[in-house]
4 protein chains.
Amino acid sequence: MFIELDLQSETPLYEQLINQLIEGIASGALKPGDPLPSVRNLAENLGINLHTVNKSYTLLKQEGFLQVHRKKGVIVQPDAMPGVTAEFEAKLFRQLRSLAAEAAVRGMTEEAFVKQCRRLYGDTLMKRGGDGQ
Amino acid sequence: MFIELDLQSETPLYEQLINQLIEGIASGALKPGDPLPSVRNLAENLGINLHTVNKSYTLLKQEGFLQVHRKKGVIVQPDAMPGVTAEFEAKLFRQLRSLAAEAAVRGMTEEAFVKQCRRLYGDTLMKRGGDGQ
Amino acid sequence: MFIELDLQSETPLYEQLINQLIEGIASGALKPGDPLPSVRNLAENLGINLHTVNKSYTLLKQEGFLQVHRKKGVIVQPDAMPGVTAEFEAKLFRQLRSLAAEAAVRGMTEEAFVKQCRRLYGDTLMKRGGDGQ
Amino acid sequence: MFIELDLQSETPLYEQLINQLIEGIASGALKPGDPLPSVRNLAENLGINLHTVNKSYTLLKQEGFLQVHRKKGVIVQPDAMPGVTAEFEAKLFRQLRSLAAEAAVRGMTEEAFVKQCRRLYGDTLMKRGGDGQ
DNA sequence: GTGGTCTAGACCACC
DNA sequence: GTGGTCTAGACCACT
């Protein structure tokens, strides 16, 4: 498993897990239709409680990234992934604006900031070639 | 006052306040050496608790964005703003990676993502010319 | 076979099966006295477990929609279908009230709601004329 | 409190609670902006666990029926209620079709069925005059 | 064995 | 005081 949680972090475990699963999908490590580990299994591997994993899975299901399949258990959305919803745009907007403002105040130039953005988007996907579909 | 808090938001009030003050500095609405409203005053204007404003100010002072001035009270850092610390880089990295991954999964192209990043950085600074509307 | 199960649905398979068989009877696709596929056969065709089909049949027999026939195996109730029992009325009441309330809150007018109800009842029976496509 | 849970029912407690809260909104007993009891408080009154109430509230928040207000606690959506989404239409369709089919097979006429639908929609709203806005 | 539900008790952040 | 998070342990329905 490629997942690593930071027990000291201030971001909740279930949220870290959500982020890492989405990154897994983005990178191609998790492909549409792939089965995920069972809640119990993953919880044990990560050394956390079953309910915490369950919460992450549930939220990802509600968002449409995951599905429960009656035979395969929990799987990655095999059909269309959720698109760019208004909620996501709002979240993106809010978070980017804060980050950009702080970066600017701290003296980071626009080019440095944008370069970092591009790099992180690219990193995410680059692994696809070596690893995914 | 250019500050607007969203009582329905999931972001804590003190954090919203921090963000908006930093955005105010980035845009030039708040310039180095400018005095900020007193804790009591701002709390009253925003209709929130003293403690909340206090917490925001304290954290911003700790980070080096604000200072206490004998006569003017709390002012915007008149000397060098805090630079790009390791903590900030880590935060930037973590948050951007999550956002980029989700954007990618949702089908947002790299160009669209980067464009949005640049736009939000630019928006922040553009107001500087106008000197703080 | 006119039955289609959704493995991603939150409704249990045995319940989906029950619903579709009742809809089959309602539409006339299954007529009183008609034999049903054997448990084994149907399970194989649908790609699901024997137990699941068995559970559906058993419950439908208990309710009186199906019967066991010495020679034909399981058949559709050839005599009087079960009537409007107190249990059914209670279920109908409970579910309709919830749906109606949510529809109302979501801004669906009474006429739109009732129209939908009538349409779905009508759809079910209209196929009867065609005798079970 | 107007809420009554059936501990024997096969429908989960949190779902019963959700339904009753929506019915409360539909009837006008709960008006936009009204504060709801705290999770602890309601849980105690209903004799169930805090987490069960929490789950109901959380789901209703996600759907947009409720909001957390930083000062008033949990309140009924003060702005626009969620409209008729595709998911709701699908749910309505699925459930009504099953109910209609079973009603038809049990010998309930279209008029009797539709009348019941209209009655339950009406009941829900009628209380508004006496009780609500 | 799976996911789903419920309970119980604890700690924390926020206001 | 509030809601949010996490843990622990239990039972059930479904396949």
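Bear in mind the structure is a predicted one, so any value in this text is a computation, not a measurement. Per chain, numbering begins at 1; letters A, B, ... match sequence-line order.
When the nearest nucleotides of DNA chain F are assigned to Arg40(A) and Arg70(A) by heavy-atom distance, the more 5′-ward of the two goes with Arg40(A). Sequence order on DNA chain E of the closest nucleotides to Asn49(B) and Ile48(D) puts Ile48(D) first from the 5' end. Toward the 5′ end of DNA chain F lies the nearest nucleotide of Leu50(A), the other residue of the pair Leu50(A) and Lys71(A) mapping further downstream.
Among residues at least two apart or in separate chains, there is no salt bridge (Lys or Arg N to Asp or Glu O under 4.0 Å) pair with a member in residues 49-59 of chain C.
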**Request:** Apply side-chain contact (heavy atoms from CB on, under 4.5 Å) to Ile48(B) and Thr52(B), showing your working.
**Result:** CA-CA 7 Å; Ile48(B) 63 178; Thr52(B) 308; 4.1 Å; yes

Check: Do Thr85(D) and Phe88(D) pass the side-chain contact (heavy atoms from CB on, under 4.5 Å) test, and can you show the C-alpha distance, the side-chain angles, and the key distance before you say yes or no?
Finding: CA-CA 5 Å; Thr85(D) 62; Phe88(D) 175 65; 3.5 Å; yes

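Not counting sequence neighbours, Glu44(C) has no partner by the side chain to side chain contact (heavy atoms under 4.5 Å, CB included) test. Remark: Arg70(A) pairs with Leu7(C), Pro12(C), Leu13(C) by the side chain to side chain contact (heavy atoms under 4.5 Å, CB included) rule, at least two apart or across chains. By the salt bridge (charged side-chain N to carboxylate O under 4.0 Å, His left out) test, Lys91(D) is found to be paired with Glu102(C), residues two or more places apart in sequence or in another chain being considered. Remark: Lys61(C) pairs with Tyr57(C), Leu66(C), Val68(C) by the side chain to side chain contact (heavy atoms under 4.5 Å, CB included) rule, at least two apart or across chains. For Lys72(D), the side chain to side chain contact (heavy atoms under 4.5 Å, CB included) criterion is met by His69(D), Ile75(D), not counting sequence neighbours.
Using a cutoff of 4.0 Å between basic side-chain nitrogens and carboxylate oxygens, Glu63(A) and Arg106(B) are scored as salt-bridged.
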Please output the side-chain donor-acceptor pairs of residues 18-26 of chain D that fall under 3.5 Å, not counting sequence neighbours, one pair per line with the distance.
unit_1   : atom_1 : unit_2   : atom_2 : d
Asn19(D) : ND2    : Ser98(C) : OG     : 3.4
Asn19(D) : ND2    : Glu15(D) : O      : 3.4
Gln20(D) : OE1    : Glu4(D)  : N      : 3.2
Gln20(D) : NE2    : Glu4(D)  : O      : 2.5
Glu23(D) : OE2    : Ser98(C) : OG     : 3.4

Show me the donor-acceptor pairs within less than 3.5 Å that the side chains of residues 34-42 of chain C make with the rest of the protein, sequence neighbours left out.
unit_1   : atom_1 : unit_2   : atom_2 : d
Asp34(C) : OD2    : Lys31(C) : N      : 2.9
Ser38(C) : OG     : Asn41(C) : N      : 3.0
Asn41(C) : OD1    : Asn45(C) : ND2    : 3.1

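Interface residues of residues 51-63 of chain A facing DNA chain F, ordered by number: His51(A), Thr52(A), Lys55(A); criterion, heavy-atom separation under 4.0 Å. For residues 7-18 of chain D, proximity to DNA chain E is found at Pro12(D), Leu13(D), Tyr14(D), defined as any non-hydrogen atom under 4.0 angstrom from a strand atom.
Of all non-hydrogen atoms in Gly64(D) and Pro82(D), the two that sit nearest each other are O-CD, 3.4 Å.
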Base-pair string, DNA chain F, Watson-Crick plus G-U, cut-off 3.5 Å on both distances, | for inter-strand, is ||||||||||||||.

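If you take CG on Leu99(D) and CZ on Phe93(C), they are separated by 13.5 Å, rounding to the nearest 0.5 Å.
Scanning DNA chain E 5' to 3' for nucleotides with an atom closer than 4.0 angstrom to a non-hydrogen atom of chain D gives a first and last hit of dT5(E) to dC15(E).
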